2 protein chains.
Amino acid sequence: MTKHYPTARATMQEVAAAAGVSTATVSRVLNSPTSVSPELVVRVETAMQTLGYRPSRSARTLRSGRSLQRVGFLVSNIQNSFFTDVLKGVEQQLVARQIAIVVGNSNNDIGYEAINIELMLEEQVSGIIAQFTSTQRKFYQALLHSQAPIVCFDHVPEGLSLDCVMTNNRAAMAQATRHLIELGHRSFGLVGGPLSYITARERQAGFLDALHAAGIGDDAIWIENGDWQIDGSYAAANRLLARTPQPLALLTINNEATIGTLKALQERKLRIPEEVALVAFDEMAWAGAYNPPLTVVNQHPSYQGNAAAELLLARMAEPGRPIQQVVLEAELIVRQSSGMLVQ
Amino acid sequence: MTKHYPTARATMQEVAAAAGVSTATVSRVLNSPTSVSPELVVRVETAMQTLGYRPSRSARTLRSGRSLQRVGFLVSNIQNSFFTDVLKGVEQQLVARQIAIVVGNSNNDIGYEAINIELMLEEQVSGIIAQFTSTQRKFYQALLHSQAPIVCFDHVPEGLSLDCVMTNNRAAMAQATRHLIELGHRSFGLVGGPLSYITARERQAGFLDALHAAGIGDDAIWIENGDWQIDGSYAAANRLLARTPQPLALLTINNEATIGTLKALQERKLRIPEEVALVAFDEMAWAGAYNPPLTVVNQHPSYQGNAAAELLLARMAEPGRPIQQVVLEAELIVRQSSGMLVQ
DNA sequence: AATTATCCAGAAAACGATTACAATTACATT
DNA sequence: AATGTAATTGTAATCGTTTTCTGGATAATT
């Protein structure tokens, strides 16, 4: 008994003919089976089975207007594990609901981002989950006017009110810094990010909050900002290490900054945590396998993805609902790079 | 002079009316502008501009049958950087051509993979670039019968003939092993993968090729196979390290195996490369920032993505063309984890 | 028993594009 | 001047669904 795989795609017409009903009935079986007599339901369903019927999304979307079935996922760098971790969370929520995900990767380029946005709108995505490349509102005018439901994560462009999910960045960074203080470190460096991003500003503020609260003087605080990416952070870390006394306790602003910093440390043959202690923002698959294992701030990215998907679904279902922000607390995972109280 | 953003989406009808032409002409301006008089082209184009017209992909796809505009990208684990690196390469090729990418992540689960495949087929993707979760043909019958153009990368399920792009795995692993031999190492371990995958078998074969060619006896060769993933590889590495004399030269079968192995090494406080030398399969963003920097085999994933996209485009354009395999040579990036000739 | 309400299924009109075909025009050829 | 040809443009059918509207059958109410 071999299963039958039709060569060409069967249409609703053919299913209707095979079941001896009208296409309207087939459609009803698909969309609201309760409104069709049980007898016909089975007849139609077996017809669908044997013909290997698969409804055309294009036709559905075209006819019904709404396309509850396609969602865009836009990020600045698809190679960054934070974003793919979020994507996984989004996927979990959406695939179960038969919603396809269209990905767009701007690769940190506003131009590509614009192309991707256009593409998504043409695709008639019913919503977009985005980590925008820029903080400037002007780049998103067209998107905003398209009326598409949007959920941001990581950061929201200046002056826009949108649903979003974020980490409590200030508290997270403060906690990480406090951890370093409690370990007895006395001078502190931050490999930061571009201050045009609220995310970078908040994390920096958290860093300073903790330091000032502990009465650490400004002469023991160094900050160099990179560009969220490996190379820029590598340069920033090098600037920092060149003018900084050791021992030093270092924090990084995100996962790529961590890699750049590690590279700089590695090249300068500085020992972690003896000469330079480190707490990294963002958990990474290999953080526990690093030598030494890295103490990190975990933003729970896949959970953020879940939350973003839920927000989007809610917004799509009820466009008029109030704008909502979901703020998640991060978790400090203490490993060895931050140094130890007892050596 | 503010740009006009229409609230509701304009249709081709409206554009036609605004430009004082028929919808056929508007369509032609879109699809083969040369067949329309220049004068009308500009009239139509300005009408599209002012109305903010954006063609409906659903309608296009429905009417034209072909949907040259949507491609599926299916992987077993979207969190694995090798796959996202490939995705980036695919993206580069496709977005420029206005083709959207629908991602599917099976998360190493055949069931989820099947759901994703169904979803993609419903989406009427015009082709699929896939890194299949299983090697067993039976899981892909429905997909195959759908007639959708498919390009595999990483591996091809048993007994299927499909376009694909792969690394010359055997040669790559042999080269890596030879590197270790030349460095003077004398016993060798492999943290391998499931041998049901041709990819794992080939890499293992390359490992043995080089060893046998150098006259290394079987008593100096250890192999433990994991599951391509971190945890399984961690366990395999632990088995290996438990029954292996040091010094040892180790190879890993992929990036996740590397992380698992590193974790095991780290826990056992084994020094790299003094006690255990290491060559890792797959370049990773942080490989050069590890302590010590990791010698790796680089598969050029984003280039593989480019190639896969090109293959798919070619197949979509000409379904009858002969099946083609693209085999890429990998590159050994020598850093410090493999040990040094001169200490 | 007559009337009304309820339910179910079909007919047919959309949705927004593409495209075969027909019609018009302009131009070249004789 | 008449005819043929090529280049443009328009008309209308069509893609595969959903959905409104309508009719007929059955059940419920009086």
Side-chain angles (χ1 to χ4, degrees), chain A residues 6 8-45 47-48 51-70 98 100 121-126 146, chain B residues 6 8-45 47-48 51-70 98 100 121-126 146:
Chain A
R9 152 172 280 130
T11 77
M12 187 174 267
Q13 294 262 12
E14 304 174 271
V15 173
V21 298
S22 72
T23 60
T25 301
V26 178
S27 175
R28 279 190 276 256
V29 170
L30 243 36
N31 301 302
S32 59
T34 51
S35 70
V36 178
S37 69
E39 176 202 4
L40 280 194
V41 170
V42 305
R43 232 163 76 201
V44 168
E45 275 176 348
M48 298 200 295
L51 290 175
Y53 172 69
R54 190 176 290 126
S56 153
R57 289 207 160 201
S58 305
R60 290 189 125 167
T61 307
L62 175 59
R63 174 54 233 222
S64 62
R66 66 188 137 68
S67 82
L68 245 182
Q69 52 244 35
R70 211 140 48 213
Q98 301 267 89
L121 292 178
E122 272 191 24
E123 276 289 343
Q124 273 157 301
V125 294
S126 41
S146 78
Chain B
R9 154 174 278 132
T11 79
M12 187 175 268
Q13 294 262 12
E14 303 175 270
V15 174
V21 298
S22 73
T23 61
T25 301
V26 177
S27 175
R28 280 189 277 257
V29 169
L30 243 35
N31 300 303
S32 59
T34 53
S35 69
V36 177
S37 68
E39 175 203 6
L40 280 193
V41 171
V42 304
R43 231 164 74 203
V44 169
E45 276 175 349
M48 297 200 296
L51 290 174
Y53 171 68
R54 190 177 287 126
S56 153
R57 290 208 159 203
S58 305
R60 292 188 123 168
T61 308
L62 176 59
R63 173 54 232 226
S64 63
R66 66 187 139 67
S67 83
L68 247 182
Q69 52 244 35
R70 212 141 47 214
Q98 301 266 88
L121 292 178
E122 272 190 26
E123 276 288 342
Q124 272 157 303
V125 294
S126 43
S146 78

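As the structure is a prediction and not an experimental result, all values here were calculated from the model. Proteins get letters first, then strands, A, B, ... in listed order; numbering begins at 1 in each.
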Give the minimum heavy-atom separation between [X] and [Y], together with the two atoms involved.
| X | Y | answer |
| --- | --- | --- |
| B:T11 | B:Y53 | C-CE1, 3.7 Å |
| A:V26 | A:V21 | CG2-CG2, 3.9 Å |
| B:A59 | A:L62 | CB-CD1, 3.9 Å |
| A:V44 | A:V15 | O-CG1, 4.2 Å |
| B:R43 | B:G20 | NH2-O, 3.6 Å |
| A:A47 | A:A19 | CB-CB, 4.0 Å |

Side-chain polar contacts of residues 31-38 of chain A - donor-acceptor pairs under 3.5 angstrom, sequence neighbours left out - could you list them?
| unit_1 | atom_1 | unit_2 | atom_2 | d |
| --- | --- | --- | --- | --- |
| A:N31 | OD1 | A:R60 | NH2 | 3.3 |
| A:N31 | ND2 | A:S27 | O | 2.9 |
| A:N31 | ND2 | A:S27 | OG | 3.2 |
| A:S32 | OG | A:S35 | OG | 3.2 |
| A:S35 | OG | A:S32 | O | 2.9 |

Once hydrogens and angles are ignored, does a donor-acceptor distance under 3.5 Å link the base of D:dT18 to the side chain of A:R63?
yes

Enter the inter-axis angle for the ends of the helix from C:dA1-D:dT30 to C:dT30-D:dA1 (five pairs per end, rounded to 10°).
50°

Of the listed C:dT18, D:dG16, C:dA17, the closest approach to the A:T11 side chain comes from D:dG16

Tell me which nucleotide among D:dT18, C:dG16, C:dA17 gets nearest to the side chain of B:Y53.
C:dA17

Taking the side chain as C-beta and beyond, is there a heavy-atom pair between B:L40 and B:R28 under 4.5 Å?
no

For A:S56 and D:dG16, is the shortest distance between a side-chain N/O and OP1 or OP2 below 4.0 Å?
no

Letter by letter from the 5' end, nucleotides 4-12 of chain D scores (B base, S sugar-phosphate only, - none; protein heavy atoms under 4.0 Å) -----BBB-

In whole angstroms, the gap separating C1' of C:dG16 from CZ of A:R60 amounts to 18 Å

